[in-house]
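Bear in mind that the values here come from a model prediction, so they are computed numbers and not experimental data.
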Number of protein chains: 2
Amino acid sequence: MPVSPISPMVDKLKLWLPLTAADEAAILSLPHVIRSLRASEFIVREDDRPTHSCLLLSGYAIRHKVAGNGGRQIFSIHMKGDVVDLHNSILRRADHNIQALTTVDVAMIPVAAIREIITAYPQVGEAMWYETLVDAAIFREWTLNVGRRDARARTAHLLCEFSVRLDVAGLGEKDHYELPMTQEQLADALALTNVHINRTLKHLADEGYIERSKRSIRILDFLQLARVADFDTRYLHLD
Amino acid sequence: MPVSPISPMVDKLKLWLPLTAADEAAILSLPHVIRSLRASEFIVREDDRPTHSCLLLSGYAIRHKVAGNGGRQIFSIHMKGDVVDLHNSILRRADHNIQALTTVDVAMIPVAAIREIITAYPQVGEAMWYETLVDAAIFREWTLNVGRRDARARTAHLLCEFSVRLDVAGLGEKDHYELPMTQEQLADALALTNVHINRTLKHLADEGYIERSKRSIRILDFLQLARVADFDTRYLHLD
DNA sequence: CGACGATTTGAAATCAGTCAAGAGCAGTGG
DNA sequence: CCACTGCTCTTGACTGATTTCAAATCGTCG
């Protein structure tokens, strides 16, 4: 069986609901165009009316929005297998930006084809709904993180989430990975300043929870870090 | 035509997508049980496996989650017509709490019936999906609010959102309403302390943006307040 | 080597939190 | 009708986590 470039989407959706062979075949035969984008290119911009949904095939992307005072808030980080633009596509008008963090390859699927597969294969539709609900669960956890945890727990929490999600996506090892973002971007995800992120990472390293060199992170004891982070995987709905 | 207690759900879903007479009839004939709950009773608790989705018929409810350090974060406030528990029902295991803020009446609809209507009436299913995506858009805006706006803008933003949503739900006037929550609960929604909420409300009143007595709020100039709040209705996806 | 962006560090400023106490208000029961 | 209780709201004084501003170092790439 030839491996379709869209197969990561099948793998991801199967995390949420069982799919029949017919469901899988329908997904794999979704029309699409592969595109490469360079770091910092926009995949979708706020106020766009998206014509395509983008499946991430490689690299990393972020969702974010900019406040009137210039502050930027990142809502989530996306990786291989994520359909980064279901929210904006189904809502028809984008209320936030999606931007490549690194060089990325994406499969662009026409929104019309997404709508057709929902009707023709309701189980696939429900799996995509599920995917957007897990995104929403992540947004909630990030709100809790930003709103009610201090800088140390907040930063540790992001490191834990990234570790678990990389593991689930089959990228990198759980205790050792490369962060695909600058400290300034981390700051925008955690609602801190780049200066304070720097101090907080140093602090976590001084305390012996992590080791780092450049953007590479090694988690020395995941359970300990998770305790500091007040991290509990349940919000990722993986079981 | 007899008015079904479920009709607020039809009105709400029609905000998102057009529904045929058959779609509407299918919604109105959803099986359900009406229940009344008193203020502060839980509708769903984190870790529950919900068997029913709750449609709010009267009163107010909140979504929230408690961090390990005891801090509570409220994610959204719900009112008449909101199906408060679609997220938890579809995900099968609740990752957050839903709690009555005031005395509420709810219609409890079995999750199985929700799943059936999704398959039998795909447009209704898509409208419910849309509803959860608008919830997610509100979560994102709240993350931006908590993460990147100062106490004054943040508080003003909540006042603006509440005003607009009451208006859409056909409750109260846009420039004059009763907040259904204590300042401590406001603090949990805005990631501030009750003390600072108090000072911030006073400040907004001293500046002439609002008048208040007890929990009643009068917005003196909505556009001015919206400017202070960095508030833009687009994230509510009402048009 | 030079340039640019990213990281690191220090010192001072600030927004919001903490602690504490008093005032207002509703409900209860004597 | 009044005293008591409990909860919410209000205000003041002080503390502290994070920001701001500024400058130095590091690393990569041309």
Side-chain angles (χ1 to χ4, degrees), chain A residues 38-40 60 62 67 69-74 101-103 145-159 178-207 210-217 228 230, chain B residues 38-40 60 62 67 69-74 101-103 145-159 178-207 210-217 228 230:
Chain A
R38 269 164 310 171
S40 91
Y60 298 91
I62 50 172
N69 59 16
R72 184 170 77 150
Q73 181 65 49
I74 294 175
L101 209 45
T102 61
T103 301
N145 208 31
V146 163
R148 289 304 184 199
R149 295 194 183 106
D150 65 17
R152 177 165 165 269
R154 214 186 285 187
T155 306
H157 196 278
L158 184 142
L159 296 179
E178 196 77 12
L179 271 179
M181 58 209 315
T182 65
Q183 292 180 4
E184 184 143 10
Q185 290 162 337
L186 272 178
D188 287 341
L190 296 170
L192 296 165
T193 56
N194 56 352
V195 172
H196 203 60
I197 285 286
N198 183 279
R199 295 195 229 268
T200 306
L201 284 173
K202 176 162 163 31
H203 190 210
L204 286 171
D206 288 348
E207 290 182 303
I210 60 171
E211 277 173 10
R212 68 211 174 95
S213 70
K214 286 195 15 127
R215 297 184 192 167
S216 141
I217 299 288
V228 167
D230 186 27
Chain B
R38 267 164 312 171
S40 92
Y60 297 92
I62 50 172
N69 59 16
R72 182 169 79 149
Q73 181 65 49
I74 294 174
L101 208 45
T102 61
T103 300
N145 207 32
V146 163
R148 290 301 184 202
R149 295 193 184 106
D150 65 17
R152 176 163 164 269
R154 216 185 281 187
T155 305
H157 196 278
L158 185 143
L159 296 178
E178 196 76 12
L179 270 178
M181 58 209 316
T182 65
Q183 291 179 5
E184 184 143 12
Q185 290 162 338
L186 271 179
D188 286 342
L190 296 170
L192 296 164
T193 55
N194 55 354
V195 173
H196 204 60
I197 285 287
N198 183 280
R199 295 196 230 267
T200 307
L201 284 174
K202 176 164 164 33
H203 190 208
L204 286 171
D206 288 349
E207 289 182 305
I210 59 171
E211 278 173 8
R212 68 210 174 96
S213 70
K214 282 192 24 117
R215 297 184 191 166
S216 142
I217 299 287
V228 167
D230 187 28

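- Under the 3.5 Å distance criterion, the side-chain polar atoms of B:Arg154 are matched with a main-chain donor or acceptor of B:Ala191.
- Going from atom CG of B:Asp150 over to atom C1' of D:dT20 covers 15 Å, rounded to whole Å.
- Side-chain atoms of B:Gln73 come within 3.5 Å of backbone atoms of B:Asp188 as a donor-acceptor pair (strictly under, hydrogens ignored).
- Put simply, CD1 on B:Ile217 is 11 Å from P on D:dC9, counting in whole angstrom units.
- In this structure, B:Gln183 atom CD and D:dT10 atom P are separated by 5 Å, rounded to whole Å.
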Exercise for the section: Any chance you could lay out the side-chain contact (heavy atoms from CB on, under 4.5 Å) test for A:Leu190 and A:Thr155, step after step, and finish with the verdict? Expected result: CA-CA 7 Å; A:Leu190 296 170; A:Thr155 306; 3.7 Å; yes
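- No side-chain heavy atom of B:Gln185 sits less than 4.5 Å from a side-chain heavy atom of B:Ile62.
- The distance between atom CD of A:Glu184 and atom P of D:dT19, rounded to the nearest whole Å, is 13 Å.
- Distance B:Leu201 CG to C:dA16 C1': 15 Å, rounded to the nearest Å.
- A close approach under 4.0 Å does not occur between any side-chain nitrogen or oxygen of A:Asn198 and OP1 or OP2 of C:dT7.
- Between B:Arg154 atom CZ and C:dC15 atom P the separation is 13 Å, expressed in whole Å.
- The side chain to side chain donor-acceptor pair (under 3.5 Å) test with B:Gln183 is passed by exactly one of B:Thr200, B:Thr193, B:Asn194, B:Asn198: B:Asn198.
- Heavy atoms of B:Arg212 sit under 4.0 angstrom from primed sugar atoms or phosphate atoms, though from no base atom.
- The distance between atom CG of B:Leu186 and atom P of D:dT10, rounded to the nearest whole Å, is 11 Å.
- Between the side chain of A:Arg148 and the main chain of B:Arg72, a donor-acceptor pair closer than 3.5 Å is present.
- The nearest whole Å value for the distance from the CZ atom in B:Arg149 to the C1' atom in C:dC15 is 18 Å.
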Completion exercise
Once base and sugar-phosphate atoms are separated, protein heavy atoms under 4.0 Å mark nucleotides 17-25 of chain C, 5' to 3', with B, S and - as BBB------
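- Applying the 6.0 Å contact sphere to CD of A:Glu184 captures no more than 12 heavy atoms from other residues, nucleotides or ligands.
- In the set D:dT8, C:dT7, D:dT10, the nucleotide with an atom closest to the side chain of B:Arg215 is D:dT8.
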